Amino acid sequence: MPILRLHNSLTRKSEEFAPLDPGHVRIYVCGPTVYDRAHIGNARSVVVFDVLTRLLRVLYPRVTYVRNVTDVDDKINARAKDSGVAIIDITTQTLADFHADMAALGALPPDIEPRATTHIGEMITLIEKLIARGHAYEAQGHVLFSVGSDSHYGQLSGRSPDDMLAGARVEVAPYKRDAGDFVLWKPSDADLPGWESPWGRGRPGWHIECSAMSWKYLGESFDIHGGGDDLLFPHHENEFAQSRCAFPGSQFARFWVHNGMLTVDGSKMSKSLGNFFTVQQVLEMAPGEAIRMLLLRGRYSETLDFSKAALGECKRDLDRFYRALERHPGVERAAEVPAAVLDALCDDLNTPLAFAALHALADAAFAGHAEAASQLLAGGAQLGLLQQDPAAWFRGGDDAAEIDALVQARIDARKARDFAQADAIRKELDARGIVLEDGAGGTIWRRA
């Protein structure tokens, strides 16, 4: 087996990955805050860590993948107030939409998907540990983490104290001992979600949620913590601090893996710029596999640009792969991942190099090599691609029966020598993006 190397944000360098327990890899990734439909930037993180988890399952006998759900948050509270819809209804529907969107992109579900609201007890326990060890204090119904009590604070993000204050956009509050101190627990009035605690009725701060859930399911120290690089500070820095301070001597996460952000046509995605796309909207433009391929076409740690042109390129690449497979009907997937694909992924998830390996296999499959087609299937599967039968890829869709009928009508018109009608049908199909191929075996169609 090749050696896996990953860029570790904590050390800011590429390192050979070695789990704490060679028989059991444990990974935690920050999941959705369920108040609105997932956008394509959210999807990039899910797809990247899906690929990493698939790779870990090839390399190690057991993997536990935990991805949380934040279902108590001020954004959720604001959405409920503005819409008049109950919080539980918003979070339940949004989570169901998230699951459907990610499944459409070929992302496998995590092994464990804890919801914040069902782990309040663990959060309270962690906060009590931090207070007892002098790392947190109560003030006016709030409990805050004292950043000055942690000599290693800032180690993960590599930021100076001034940079951290600016980056955190901290709330100036008279009850804070230091401007950089962050909230672990805050009071809730009667109109807000709240739970009883030693500090009165209230709700948790965002950062303590992930520390509590990772601790419950993965222990005080585990192997990999993942998420988008926008979470590096303050969220991950704060997680790192409070978890290590609650459990002296622990490492919390040994490897920190962050995916880069996603831009749209070269600009930051923004509703005000009109370039904000939900996954649901992009699924109306292209198949889920094409979107997945686009999200993987660059190195995961770098900024990736989304455009309709790039989406079209990915669709054409997938068409090529499926045409190569179409040359070998009934071919079965190889038992092992092709070495070139596996080597590429072990090089810090070098997905562009993995795609180059798939294109080489497609070349060989076009040349008549059935084994190459078998390996193409296996390599695609490792990336969560090529999961459909070629016929379904080219000729699937809700309107497939209607198109079949039009194709047959054209065949009948040609047999009756009604070439004007046959040409009219062909033009109609062409306008709908349907390509016809007339051959000795008859006429077949595919989507352009």
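In this text the structure is predicted, and so the values were computed from the model without any measurement.
A ring-centre distance under 6.0 Å is not found for Trp445 and Phe394. Aromatic rings from His207 and Phe145 are positioned such that their centres are separated by 6.0 Å or more. Here the two rings, on Phe222 and Phe252, have centers that are under 6.0 Å apart. Aromatic rings of His7 and His258 (six-membered ring for Trp) have centroids beyond the 6.0 Å cut-off, not under it.
Taking the side-chain hydrogen bond (donor to acceptor under 3.5 Å, both in side chains) definition, one finds that Tyr322 meets it with Glu289, sequence neighbours left out. By the side-chain hydrogen bond (donor to acceptor under 3.5 Å, both in side chains) test, Arg299 pairs with no residue at all, sequence neighbours left out. Qualifying side chain to side chain contact (heavy atoms under 4.5 Å, CB included) partners for Lys271, counting only residues two or more places apart in sequence or in other chains: Asp36, Phe276. Shown here are the salt bridge (Lys or Arg N to Asp or Glu O under 4.0 Å) partners of Arg414, two or more places apart in sequence or in another chain: Asp438. Not counting sequence neighbours, Asp423 has no partner by the side-chain hydrogen bond (donor to acceptor under 3.5 Å, both in side chains) test. For Phe255, the ring-ring contact (aromatic ring centres under 6.0 Å, His included) partners at least two apart in sequence or on another chain are Phe17. Applying the side-chain hydrogen bond (donor to acceptor under 3.5 Å, both in side chains) rule to Gln408 yields the partners Asp412; only residues at least two apart in sequence or on another chain are considered. Residues forming a ring-ring contact (aromatic ring centres under 6.0 Å, His included) with Tyr300 (at least two apart in sequence, or on another chain): none. Every salt bridge (Lys or Arg N to Asp or Glu O under 4.0 Å) that Glu113 has, sequence neighbours left out, goes to Arg67. When the ring-ring contact (aromatic ring centres under 6.0 Å, His included) test is applied to His369, no partner is found at least two apart in sequence or on another chain. Residues passing the ring-ring contact (aromatic ring centres under 6.0 Å, His included) test with Trp215 are Phe247, sequence neighbours excluded.
Between His225 and Arg254, the side chains place no donor N or O within less than 3.5 Å of an acceptor N or O (distance only, hydrogens not considered).
Under a 4.0 Å N-O distance rule, the pair Asp71/Arg115 qualifies as a salt bridge. Ionic pairing of Asp74 and Lys186 is present here: one or more N-O contacts between side-chain nitrogen and carboxylate oxygen are shorter than 4.0 angstrom. Remark: Arg426 does not engage Asp430 in a salt bridge, criterion side-chain N to carboxylate O under 4.0 Å.
Proximity of a side-chain donor or acceptor of Arg79 to a complementary backbone N or O of Gly84 within less than 3.5 Å is not detected.
Identified under the ring pair (Phe, Tyr, Trp, His ring centres under 6.0 Å) test for residues 81-126, with sequence neighbours left out: His119-Tyr217.
Between atom CG of residue Asn68 and atom SG of residue Cys210 there is a gap of 4.0 Å, rounded to the nearest 0.5 Å.
Between Glu326 and Trp393, the closest side-chain pair of non-hydrogen atoms is not below 4.5 Å.
For the pair Arg244 and Phe240, the cation sits on the ring face: its NZ or CZ lies under 6.0 Å from the ring centre, inside 45° of the axis.
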